Amino acid sequence: MRILTLAVKDWKQIFRDWKTGLFLIVMPMIFTVFFGVVLGGAFSSAGEGDPRLPVAVIQRDPGSGLTDGLEASPAVRPVVLEVDQLEDLQDGVERGEYAAGLVVPEGYQEGLVESHPVRLTIVVKPGSPPGQTAQTALETAANRYRGAVQAARLSAEAYQAGPGFEDQADRKAYLREGIDRALTAWDDPPLTTASQLAVGMADLDSQDGELDGFVQASSGMIVQFAIFGLINSAMVLVLERKNRTLGRLLTTPISRGEVIGGHLLAMFSVVLLQITILVLFGQFVFGVDYLRDPLAVLVMTFSLAFWSASLGMLISAVSEGEDQVVTLSLIAMFVFASLGGAWFPLEVAGETFSRIGHLTPTAWAIDGFQNIILRGQGMESIFLPVLILLGSGAVFFGLSVWRFRVE
Amino acid sequence: MKWLMIATKDVKHAFSSVFSLVMSLGAPLLITGLLFFAFGSMDEGQGGVNFTPVDVLVVNLDTGAEHLEGFRAGEMLDSFLMGEDLEEVMKFTAGVSEQDARRGVESGEADLAVIIPENFTSAALTPGESASVVIYQDPALTVMPGILESLLQHFMDGFSGAKIAAGVTEQQFDARGFSADQELLRRVSQEYAGWLESSSHEREGQGGGPLVLEPSGEQQGGEGAVSGMIGPTMAGMTVFFLFFMAANSSQTIIKEDEEGTLARLFTTPTPRAVILVGKFLGVFLILIVQAVLLLASSRFLFGISWGNPGSVILTAAGNVLLAAGFGILLMSLIRSTRQTGPVLGGVLTVTGMLGGLFTTGIPDLPEFLDQARLIVPQGWAMQAWEVSLAGADPAAAAAGFLKMAALGAVMFAAGAVIFNRRFA
């Protein structure tokens with residue numbers, strides 16, 4: 001009972017301050033909305049209007065149908081600029097307004113037909129993932145266009161060797177028609193790819209089964225702010241030590257273990273409440289499908305809350321003042337959140353970073369949540385994440401008990 | 001000279017606090033360093049992007065074409081994937097069955113599976129027939145499925161093109177009342193394949209073949225992709241933590257007021273204006289030291305080229321003036337140190353978000369965010385740093401400096417008036 005009494009006291013102390021609500025709930029919500037919107041463009045094809053990547057095109061060869069071919073591309077949509085807007089095209093690509101730029105030179109089609117090809121220019125921002133995607137799409141479109149011209153040429157050569165053309169104009173008309181037919185055929189090529197998502201029992205209707213911005217942002221921010229939220233809770237213990245309340249407390253019949261237990265319980269329940277609110281926020285505001293397996297999500301929530309509270313206990317055990325609590329909490333948040341993949345999927349980081357990231361419990365926490373909400377898996381898929389969270393939490397707790405001091 | 005003594009005392013105090021050191025220097029360098037570490041591999045090789053490799057299971061169900069001496073296009077695709085030098089991106093393994101491959105992806109043993117259908121060869125050769133190669137993917141993957149799809153499409157377009165060439169020939173002969181025999185159509189397909197092969201060799205020999213690749217902008221004077229990303233990221237962190245330190249340092253005026261040390265200072269013969277000038281100067285000096293240390297250390301640690309030295313000085317000076325003005329105005333509006341936490345945490349974070357400080361490395365941002373950033377002063381500072389990072393000369397950077405200095409001066413004046421009234 002004493003543990004509970006102490007925890008309730010901490011609760012009152014924490015929630016008496018209106019700032020607690022700001023840092024525990026409002027800020028993570030703002031971050032989730034912000035990064036959900038921002039990451040939506042970077043990692044998902046979902047979105048309003050045309051979701052394809054915009055590509056600026058300067059068409060200096062009016063006869064070329066390459067731009068029309070781009071209209072059919074599933075990956076990019078052409079934005080046609082005036083022929084003298086090369087600088088705008090380059091600036092736009094640099095600023096990220098366009099994923100890439102394409103300059104179709106004068107006489108491009110004629111050059112292909114007459115076997116004196118003129119080279120296309122593709123402008124991309126080095127290292128930009130949409131730029132890479134757009135570049136590949138432009139190369140595919142350009143190769144198909146060249147293929148269409150080549151198909152028409154081969155057809156014309158065969159016709160010339162057989163029935164033969166009446167004159168040069170007839171040959172040109174035949175070539176033009178051949179190019180049009182080939183381009184039409186490329187709209188529906190005989191060999192294609194079809195993507196299927198391994199979503200298990202996930203609700204495809206609610207989120208299309210893709211890693212959209214809100215799935216990444218919601219799970220990432222839950223993990224990040226579970227650490228950030230420790231500041232207030234850890235501060236209570238440090239202040240008690242600083243103003244010697246902790247020492248006075250131990251002169252009463254309460255034991256050292258009960259004091260530690262009471263504070264841990266307070267931190268655990270605060271983080272648990274915070275995660276629960278953020279899970280419900282993700283579910284009901286953004287349709288992130290946490291409730292498809294409530295029990296599994298509950299187990300993950302408890303495990304993450306225990307890990308986070310243990311980390312908070314360790315921070316409060318080693319901190320000598322309020323400044324140190326804030327500093328250590330922020331450092332823990334930056335390191336665990338970024339390495340764990342709370343800011344971006346670890347897949348897009350380098351291999352070493354990704355491997356090191358998976359040494360952190362936060363990466364496993366995000367994996368655990370995503371196994372449920374994205375991969376449509378159940379309890380069996382969170383066994384390892386839960387084990388890692390509880391195990392590392394126990395280590396943090398052990399260290400905090402070892403370092404715990406009343407003065 | 002008393003104002004200088006007051007300012008110096010504040011600077012010493014700021015840089016002797018672990019919290020201030022972490023928040024002024026440690027945090028921006030730590031965050032940028034983590035991102036540098038995460039994406040540092042982009043600079044390996046020749047500016048190519050290097051991701052965490054994924055495991056891909058390939059299941060070939062293609063039954064081939066009996067009438068063409070057992071020709072199997074699926075085997076060619078299989079060999080193409082296994083033979084591609086993609087070990088740093090994808091590790092291909094032959095799968096036993098479609099069911100096992102799907103189960104492998106679902107259980108996390110593999111990230112992706114490629115399933116080549118039974119009628120792959122038939123669709124590649126028979127008019128009117130089509131086939132789809134299935135990519136079965138872990139839904140948490142964002143980039144790799146697209147790369148794999150491009151790779152498959154590249155291979156399959158060869159077959160599709162040859163088939164289309166034969167189809168076009170047949171259609172055009174038909175349209176003119178002639179008939180193209182199967183031998184002619186096969187020859188057209190073969191010639192198309194030959195052309196494709198020779199143009200691939202031509203591309204390898206010519207470095208790009210029919211395409212010229214041009215990088216946009218000056219990109220850090222031609223340095224690698226990561227420098228192009230880390231520069232703006234560090235600029236964003238620099239702006240955020242300059243604004244943070246400006247507000248945090250201005251907070252000392254309120255703190256000293258609460259603790260009574262300011263009142264004691266006012267009882268000395270030093271005029272109040274001199275004391276406040278000293279406090280304000282302290283904020284400027286702290287930010288100057290912070291900016292210099294951040295710019296120099298990030299240059300040393302991450303190799304960031306901040307641009308033309310004249311432009312860098314102008315931009316940094318403008319940023320310091322703007323941040324100091326903002327910090328002083330912000331703190332002049334709050335009544336006690338109890339309010340500083342939410343103001344430092346909340347207001348600076350939200351304005352920093354709007355100013356685009358946390359999204360510098362994220363591509364394809366929604367348009368409204370790009371437009372909204374100039375609502376807040378952080379957006380102006382970020383814009384000025386982008387100009388400097390792009391290698392602009394001092395004349396071009398001067399416009400940014402003037403805007404920041406003017407805005408900073410207005411905010412500083414407003415904050416100083418409010419503080420003056422408060423302590424009058």
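FYI, side chains are in, hydrogens and waters are out, and symmetry mates aren't considered; it's all heavy atoms of this structure. The structure displayed is predicted, hence computed values, not measured ones. The chains referred to below are lettered A, B, ... by the order of the sequence lines, with proteins before strands, and numbering in each begins at 1.
- Taking chain A as the reference chain and counting heavy-atom pairs below 4.5 Å, the highest number among Ile115(B), Ile164(B), Val105(B) is found for Ile164(B).
- Proximity to chain A (any heavy atom under 4.5 Å) is restricted, for Thr349(B), to the side chain, taken from C-beta onward.
- Contacts of Arg102(B) with chain A are made by side-chain atoms alone, with heavy-atom separations under 4.5 Å and no backbone atom involved.
- Contacts with chain B were tallied for Leu330(A), Val326(A), Leu191(A), Ile356(A); Leu191(A) has the most, counting heavy-atom pairs under 4.5 Å.
- Chain A forms the most heavy-atom pairs under 4.5 Å with one residue out of Gln171(B), Glu149(B), Glu170(B), Met23(B), and that residue is Gln171(B).
- Taken from CD in Gln153(B) to CG in Asn143(A), the straight-line distance is 11.5 Å, to the nearest 0.5 Å.
- Your options are Leu339(A), Asp170(A), Leu89(A), and the one with the most heavy-atom pairs under 4.5 Å with chain B is Asp170(A).
- Counting all heavy atoms, side chain and backbone alike, Val335(A) lies closest to Leu34(B) at CA-CD1, 4.1 Å.
- Only the side chain of Thr136(A) comes within contact range of chain B, with at least one heavy atom under 4.5 Å from a heavy atom of that chain.
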TODO: Tell me, with the steps shown, if Thr193(A) and Met156(B) meet side chain to side chain contact (heavy atoms under 4.5 Å, CB included).
DONE: CA-CA 9 Å; Thr193(A) 56; Met156(B) 293 190 302; 3.5 Å; yes
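- No part of Glu386(B) comes within reach of chain A, as not one of its non-hydrogen atoms sits under 4.5 angstrom from that chain.
- Of the listed residues (Pro163(A), Gly357(A), Gly92(A)), the one with the most heavy-atom contacts under 4.5 Å to chain B is Pro163(A).
- Between chain B and the residues Ala100(A), Gly147(A), Gly162(A), the most heavy-atom pairs under 4.5 angstrom are made by Gly147(A).
- When each of Ala185(A), Ala156(A), Pro189(A), Ala148(A) is checked for heavy-atom pairs under 4.5 Å with chain B, Ala185(A) comes out on top.
- Put simply, of Ala131(B), Gly161(B), Ala165(B), the one with the most heavy-atom pairs under 4.5 Å next to chain A is Ala131(B).
- Comparing Leu112(B), Leu148(B), Val134(B), Val22(B) by heavy-atom pairs within less than 4.5 Å of chain A, the highest count is held by Val134(B).
- Contact of the Ile31(B) side chain with the Trp343(A) side chain is registered, since non-hydrogen atoms from C-beta on lie closer than 4.5 Å.
- For Phe31(A), the parts lying under 4.5 angstrom from a heavy atom of chain B are both the backbone and the side chain.
- Across every non-hydrogen atom of Arg375(A) and Asp138(B), the tightest pair is NE-OD1, 2.9 Å.
- Considering only heavy atoms from C-beta on, Tyr159(A) stays 4.5 Å or farther from Thr169(B) through its side chain.
- Counting heavy-atom neighbours within 6.0 Å of Glu380(A) CD, excluding the residue itself, gives a total above 12.
- Chain A forms more heavy-atom pairs under 4.5 Å with one residue of Leu152(B), Val168(B), Asp157(B) than with any other, namely Asp157(B).
- Interface remark: of the candidates Thr327(A), Ile331(A), Ile30(A), Thr327(A) forms the most heavy-atom pairs closer than 4.5 Å to chain B.
- In this structure a side-chain-to-backbone donor-acceptor pair under 3.5 Å is present from Gln172(B) to Tyr174(A).
- Val114(B) does not touch chain A: none of its heavy atoms, backbone or side chain, sits under 4.5 Å away.
- For Gln377(A) (side chain) and Glu106(B) (main-chain N/O), a donor-acceptor pair under 3.5 Å exists by modelled atom type.
- Scanning all heavy atoms of the two residues, the minimum distance from Leu374(A) to Ala140(B) falls at CD2-CA, 3.6 Å.
- Between Lys163(B) and Pro190(A) the shortest heavy-atom distance is NZ-CB, 3.5 Å.
- By the 6.0 Å contact criterion, CZ on Arg176(B) is enclosed, its count of non-hydrogen atoms from other residues, nucleotides or ligands being greater than 12.
- A heavy-atom distance below 4.5 Å is not found between the side chains of Tyr192(B) and Arg153(A).
- Put simply, CG on Leu197(A) and CD on Gln137(B) are 4.5 Å apart, with the number rounded to the nearest 0.5 Å.
- Only the side chain of Glu157(A) has a heavy atom closer than 4.5 Å to any heavy atom of chain B.
- The nearest pair of heavy atoms linking Phe334(A) to Ala27(B) is CE1-CB, 3.8 Å.
- Contacts of Phe178(B) with chain A are made by side-chain atoms alone, with heavy-atom separations under 4.5 Å and no backbone atom involved.
- Of the atoms belonging to Ser338(A), it is side-chain heavy atoms, and not backbone ones, that fall under 4.5 Å from chain B.
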